[in-house]
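Reviewing the structure listed below.
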Amino acid sequence: MQDEEILGKAYDARLMKRLLQYVKPYRKWVYFAIALNVIIAGLGPVRPYLTKIAIDDYILKHDASGLLWISLSLFGVLVFQAIVQYLNTYFTSWIGQRTIYDMRVEIFSHLQKLSLRFFDKTPIGRLVTRVTNDVETLNELFSSGIVMVFSDVFIIIWIVVFMFSMDVNLSLVTLSILPLLVILTAWFRKGARDAYREVRIQLARINTFVQEHITGMNVVQIFHREEKEFEKFKSINEAHTQAHIRSVFFYAVFYPGVELISAIAIGLIIWYGGGEVIQKTISLGVLISFIQYTEMFFRPIRDLSEKYNIMQAAMASSERIFKLLDDETIIHDSKERGVRSLEKRSDGEVEYGRSGDDEKGTIEFRNVWFRYDDESGRNAKGKMQKEKSNGKSLDGVYPVHGTRDDGNGELPQPPTSNLQPSDEWILKNVSFTIEQGTTTAFVGATGAGKSTIANLLLHFYEIQRGEIFVDGIDIRLIPQQELRKRFAVVLQDVFLFSGDVKTNITLGNEKYSLEEIQRAAKTVGADSFIEKLPKQYDEEVKERGATLSVGQKQLLAFARALVTNPEILILDEATSSVDTETEQLIQQAITVLLKDRTSIVIAHRLSTIQHADKIIVLHKGEIREQGNHQELLSLGGIYFKLYQLQFKGQEISSVAS
Amino acid sequence: MKSLLRLLPYLKRYKKTLALGFFAIVVSNVFWLVTPFIVGKSVDTLKSNFDSGKLFQYGALVTGSMLLSGYFSYLTRQTIIVISRKIEFDLRNDFISHIQKLPLQHFQNTPTGDLMSYATNDLNAIRNVLGPGIMYTSDTITGFLMIISMMLSLDWKLTMFTLIPLPLISFAVYALGKKVHHLFDEVQEHYSKLTTRVQESLSGIRVVRGFVREEYEKNLFNKMSWEYLEKNMKLARVQSWMWPLMFMLTGISIVIVILFGGKNVIAGTMSLGTMTQFIMYLGMLIWPMIAFGWVVNIFQRGAASMMRFCKVLDTVPGIRNEELGMKNEENKLRLANYELRFEGSIEFRNVSFTHNNKTESVLKNINLKIEKGTTLAIVGRTGCGKTTLVNQIPRLYDVNEGEILIDGNNVKEIPLEILRRNIAVVPQETFLFSSTVKKNITFGVDGSSMEEVVRVAEISRIAKDVEDFPNKYETLVGERGITLSGGQKQRTSIARALMTNPKILILDDALSAVDTHTEEEILQGLKTFMKERTSIIISHRISTVKDADMIIVLDDGEIAEQGTHDELILLEGIYAELNEKQMLEKELEAI
């Protein structure tokens, strides 16, 4: 939330410098746009000048044909100016759009790199705002903002040049109002900034209040505090209104103030310039064109407050964006490619997983310690990189590395030394091995750490201590994407994307043919419901799969996993109950999925644990029992109790059905 | 546009100031138009006779009239814009006070974000209509009419000539505007698609990572962003014509003045000063032209926002003091004194409940009697209707069928204030305001002594924790302050309920995040506090409910089992099974 309240200065050199980096690739276009602006700025003063010629040389000299000629050239200038103006607007929009496109793409890719730790602590909505709203705010700055600064300066310079070329004295007299203008502008800028700050603070208060009272409406109503809370709200609201009214004052003075100063200038021109006309030092046409210049001169200044708002909003947005882009909660792939830890060959590169099939598809956890809330996971990694890649690979590439590592790379101590007895270790010294082609079921009470096993295996999080091996290779040495390609995951809550059935199975991977998709769907038994849909595999899927039932979503997730034909399957069984028919479909699908495949199942189904080759009992983050169903039952320990708690009821219901 | 008519009553409140504002606009425009007039005069003076004294007078006049024009323009902003802020204040107050009256279901069905956006974005769009919208519309219209009539009075023929481009301008603005509007809609549509995609891609991050689809997601996003860029450029291609076209067409008018006016001057039928005046007037016309397109946009957006805003204001508050009970004098008297006699026995008579947008009923024919001063416990699976059942007592929901009686009076007949003041609920989802601990605890009462606060904090076992907080009871909690654990939040929430000294206390699964030991202590403390009071405790834990005077097991909206702990164990039904499971869990926990 605090991010949203960044008030921001209207100009921050550091931010601006960084923002300009984004325009750099398009600097040719920027130069082009600036050139167009120079032309526009130059053309502006031309018209009053032509007007002057029309008056002095033709009208006053009664030359009707010359008047027609000058009118036509005026018209020509107009058309030309309009075309240049069009091109200018168009190209500046293009620059703006290109820049924010780049920025958007960068933010989105950055988000795709960030570790799940980051997503655990950041609300998604906030991130969406960064990619959409905040970037959009910068559009105006990139498009019109930067170029406009130049154009305004040029307009002013041109006008001054034209004025001086016509008459120096009158120019000096006219520009003598400048100090007044500077004072007024400075006063306005300071006043408007302070008022704006106050407005923002009050607005934040109102928003917090409204937000809280909507989410906590039940509390308000339960305690019958509607009136009291309303009184509170009124005073906050009042302060907000007052802040606005104060800021209105500055605008109310500024706009007419600029007009007044420009009127003073015109007054001076009439008085002094008129005198000069009488003395014949200048012509009447010059006088009239001076009046026109004065109006042009003030236009950029009048727009000042608008530009100020653009800047202010842009600064605040960019600060938030850069903060996100600077977040380095990233699990970096190790520079060193994984080799067999057991063979650890130092000679030449050995592509992992190719040097023999004996360990392919095997998994090992060795003395793994893990907790979610700890930053030191990153330190642990830092340490590892130092050890294994001589600490040099990342320096310079990731400048924040040094600060990230300020724990001196020290590994966290096991709980006994520095933590309370009620520590938050999710996994404590967990070790196990899983053989190729076997099914291993994890059981345990809620919070025993079952899902964490899956998260760690996929390298979603860094462990604090210990090692995890896949195919006999430490997963930290396997590029994450390659590691994950060997797996397929079925999560407890099936996440469906809006799109169609087909893309939800392939997740957009075009290498799968429709036949393959259909085969996968058929194998898991999802075909029966898909084929009943009006458009079958092209049927639209709404956001979060709103139109599908829980069971159907499950089956789709199975098909999604199967189509990749993974070496290793991770299945986090859903706990939600489905009707008997769907339950049978799901059980069949699970049997097919697990067949002849290294599989890890976080089990909630009796049928699954009964068929597992090995069951690992997790209890309070530790492995307490291992074995198959019968062995563990006869042990009469934790598993026996868990069985009675979680699975026994299913026996009865499956008999009943 | 019709929806904006709803703003009229609000505007009426400020009609005097508003009238002053309009007056200021007219006067300001009058003085604004003086400048070209005087410039014209001075040009003619210069041409005919050389009177330098007059020149100073003219110069002073220009400055003076602009000073007046400026003052009135200042006055315009200080009236109309200020009024818009005041109406915004009124509207926001009405909004909040209205949504506070809405039944809770409304909040379950409407995302918080939507309501927030009504109160911020939409209200802002409405405010833009009231402020800049009204101000610029009247300014544009009066300015435009005055300039045209000035021009007509000077030379109607030349005016006609110069106005030739005007229909062209209007047509161009209209045609372009239509196209721009259409393209703008397309851009907006694509923008929301893009937003949804980001939202989905980030919500499904585990799937994306698990299946190594980052590249695909990136490519898809890049593609959509590129399409967005293209749509924006399509819009820019059209929209970029707007300003140059208007600029060119007004410029043509000036050329016409120079050409035809110049001819007139040469012919001697017009003075050079008048021509200058014409040129200046045309320069002044540019602004109203630009403002026009802008104002139309403001009004369109405002109307759409007003419609959304009104939809909330028009939602009928479901629960209010039933006129029924207030109808006859006898009842009124009886209930007025009711508060003194509020004892807290509760009876459910054939109560059924269905959420308004669903067909399946949550509660089916509930009959239940809770004597005053006793404790009722409710257990049952998630979604079996426990919360709905208790929420009906303080009328957070109203029953569809049957009735609920307190001390023999239908709850619908008891004034809402009295009803809710005597019932305290500790809701399932703990909500604390980002304020101090003390303010949270005393949320439900008007004045309170520190002793009372500490007393309830002790009963709810939060007192010890508070002593460790940096500023004790004055410590801020929430976003700006310290983060409380789930258990601390629940205990604070209990203290808040106890503070109101309720006759009926409802704990809706309010001890779930509290460890069993502390729970035991709290229940012990409550025992003395709740003597003479009625309590209802919803829980999943047998340990919480076992000592209750009566326990009911809700299953699928019906009372499946009813009795004391021992009776229910003997029944060997749902409760007994639950008990068994929890014993197992306890054993597991102990291992």
Side-chain angles (χ1 to χ4, degrees), chain A residues 1 54 59 62 67 71 74-75 78 82 85-86 89-90 93 97 101 104-105 108-109 112 119 124 128 131-132 210 212 214 216-219 222-224 226 230 233 237 241 244-245 248 252 256 259-260 263-264 266-267 270-271 274-275 277-278 288 481 484-485 489 495 497 507-508 641 645, chain B residues 42 46 50 55-56 58-59 62-63 66 70 73-74 77-78 81-82 85 89 92 96-97 100 104 107 112 115 119 195 198-200 202 204-205 207 210-214 216 218 221-222 225 229 232 236 240 244 248 251 255 258-259 262 265-266 276 420 425 427 431 433 444 479 581 584 588:
Chain A
M1 249 328 122
I59 296 177
H62 299 269
L67 182 63
S71 302
L74 256 173
F75 180 71
L78 261 176
Q85 232 161 20
Y86 171 78
T89 319
Y90 182 77
S93 334
Q97 287 296 330
Y101 167 80
R104 231 180 222 131
V105 166
F108 191 77
S109 334
Q112 293 293 344
F119 290 93
I124 303 262
V128 175
V131 184
T132 55
V210 176
E212 280 201 347
I214 292 171
M217 188 56 80
N218 59 341
V219 177
I222 285 166
F223 289 97
H224 200 71
E226 290 93 334
F230 182 60
F233 178 72
N237 198 7
T241 305
H244 268 297
I245 290 175
V248 171
E259 297 274 348
L260 178 63
I264 295 175
I266 293 178
I270 293 174
W271 170 64
V277 173
I278 295 167
I288 293 169
Q481 302 220 340
R484 289 172 198 153
K485 270 185 187 150
V489 210
F495 188 90
F497 295 88
L507 290 172
K641 292 205 164 71
L645 253 173
Chain B
S42 17
L46 285 172
F50 302 124
L55 281 179
F56 181 78
Y58 285 144
V62 166
T63 316
M66 216 47 211
S73 152
Y74 162 83
R77 280 176 191 276
Q78 287 289 43
I81 304 285
V82 166
R85 289 293 172 194
F89 170 80
R92 195 178 266 124
I96 292 296
S97 97
Q100 284 197 337
L104 284 185
F107 297 93
T112 310
L115 286 170
T195 310
V198 178
Q199 173 94 40
E200 279 196 344
L202 298 180
I205 194 87
V207 178
F211 284 87
V212 199
R213 303 305 297 157
E214 291 99 324
Y216 169 74
K218 272 194 244 171
F221 176 79
N222 294 0
S225 299
L229 175 144
N232 264 303
S240 304
M248 198 172 80
V255 176
I258 291 176
L259 184 62
V265 175
I266 292 171
T276 316
R420 290 193 180 159
V425 184
F431 182 85
F433 292 93
E479 272 160 31
K581 280 198 169 177
L584 271 167
L588 262 175

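Reckoned from all heavy atoms, side chains included, excluding hydrogens, waters and symmetry mates. Within every chain, numbering begins at 1; the chains are lettered A, B, ... in the order of the sequence lines, protein sequences first and strands thereafter. From a predicted model like this one, the values you see are computed outputs, not experimental measurements.
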**Asked** Can you name the closest pair of heavy atoms from T63(B) and A263(A) and give their distance?
**Response** OG1-O, 3.9 Å
**Prompt:** With respect to chain A, which residue among L202(B), I81(B), T276(B), V265(B) yields the maximal number of heavy-atom pairs within a distance under 4.5 Å?
**Reply:** L202(B)
**Request:** Sort out for me which of E200(B), E214(B), M66(B), M248(B) touches chain A most, counting heavy-atom pairs under 4.5 Å.
**Result:** E200(B)
**Under 4.5 Å from a heavy atom of chain A, the part of A236(B) involved** = both
**Prompt:** Non-hydrogen atoms of chain A under 4.5 Å away: do they reach the side chain of Y216(B), the backbone, both or neither?
**Reply:** side chain
**Asked** Should the ring pair F56(B) and W271(A) be called parallel, tilted or perpendicular, given that the plane angle runs from 0 to 90° and is split at 30 and 60?
**Response** perpendicular
**Complete:** With sequence neighbours left out, the residues meeting side-chain contact (heavy atoms from CB on, under 4.5 Å) with S73(B) are P256(A), S28(B)
**Nearest non-hydrogen partners of A252(A) and R77(B), listed with the distance** = CA-CD, 3.2 Å
**Request:** Name the member of A119(B), G204(B), G251(B), G262(B) that forms the most heavy-atom pairs with chain A at distances under 4.5 Å.
**Result:** G204(B)
**Prompt:** Roughly how far apart are Q100(B) CD and I214(A) CD1, rounded to 0.5 Å?
**Reply:** 10.5 Å
**Request:** Let me see the working for V105(A) and K218(B) under side-chain contact (heavy atoms from CB on, under 4.5 Å), right down to the final yes or no.
**Result:** CA-CA 8 Å; V105(A) 166; K218(B) 272 194 244 171; over 6 Å; no
**Message:** Is any side-chain heavy atom of I270(A) closer than 4.5 Å to one of L55(B)?
**Reply:** yes
**Prompt:** Do side-chain atoms of R85(B) reach the backbone of H244(A) as a donor and acceptor pair under 3.5 angstrom?
**Reply:** no
**Request:** Measure the spacing between CD of Q481(A) and CZ of R213(B) and express it to the nearest 0.5 Å.
**Result:** 10.0 Å
**Prompt:** Does CZ in F495(A) sit with more than 12 non-hydrogen atoms of other residues, nucleotides or ligands closer than 6.0 Å?
**Reply:** yes
**Contact winner vs chain A - V62(B), N232(B), V212(B), heavy-atom pairs under 4.5 Å** = V212(B)
**Message:** Can you tell me which portion of Y101(A) sits under 4.5 Å from chain B's heavy atoms? Options are side chain, backbone, both or neither.
**Reply:** side chain
**Request:** Please look at S42(B) and chain A and tell me whether the side chain, the backbone, both or neither of the residue comes under 4.5 angstrom of a heavy atom of that chain.
**Result:** side chain
**Message:** With a 4.5 angstrom heavy-atom cut-off, is it the side chain or the backbone of F119(A) that approaches chain B, or both, or neither?
**Reply:** side chain
**Prompt:** So which of L507(A), I266(A), T89(A) has the largest heavy-atom pair count under 4.5 angstrom toward chain B?
**Reply:** L507(A)
**Exercise: identify the closest heavy-atom pair between F221(B) and R104(A)** = CE2-O, 3.6 Å
**Least distance between heavy atoms, V255(B) atom then S71(A) atom** = CG1-O, 3.5 Å
**Prompt:** Hey, what do you get for CD1 (I266(B)) to CG (L67(A)), rounding to the nearest 0.5 Å?
**Reply:** 5.0 Å
**Asked** What residue in S240(B), G70(B), G444(B) has the most heavy-atom pairs under 4.5 Å with chain A?
**Response** S240(B)
**Message:** Quick check on V128(A) against chain B: is it the side chain, the backbone, both or neither that has a heavy atom closer than 4.5 Å?
**Reply:** both
**Request:** Applying side-chain contact (heavy atoms from CB on, under 4.5 Å), run through V219(A) and F433(B) and close with a yes or a no.
**Result:** CA-CA 10 Å; V219(A) 177; F433(B) 292 93; 4.2 Å; yes
**Request:** Drop me the distance from F89(B)'s CZ to I245(A)'s CD1, to the nearest 0.5 angstrom.
**Result:** 9.5 Å
**Message:** Measuring only between side-chain heavy atoms, which start at C-beta, is E212(A) closer than 4.5 Å to F431(B)?
**Reply:** yes
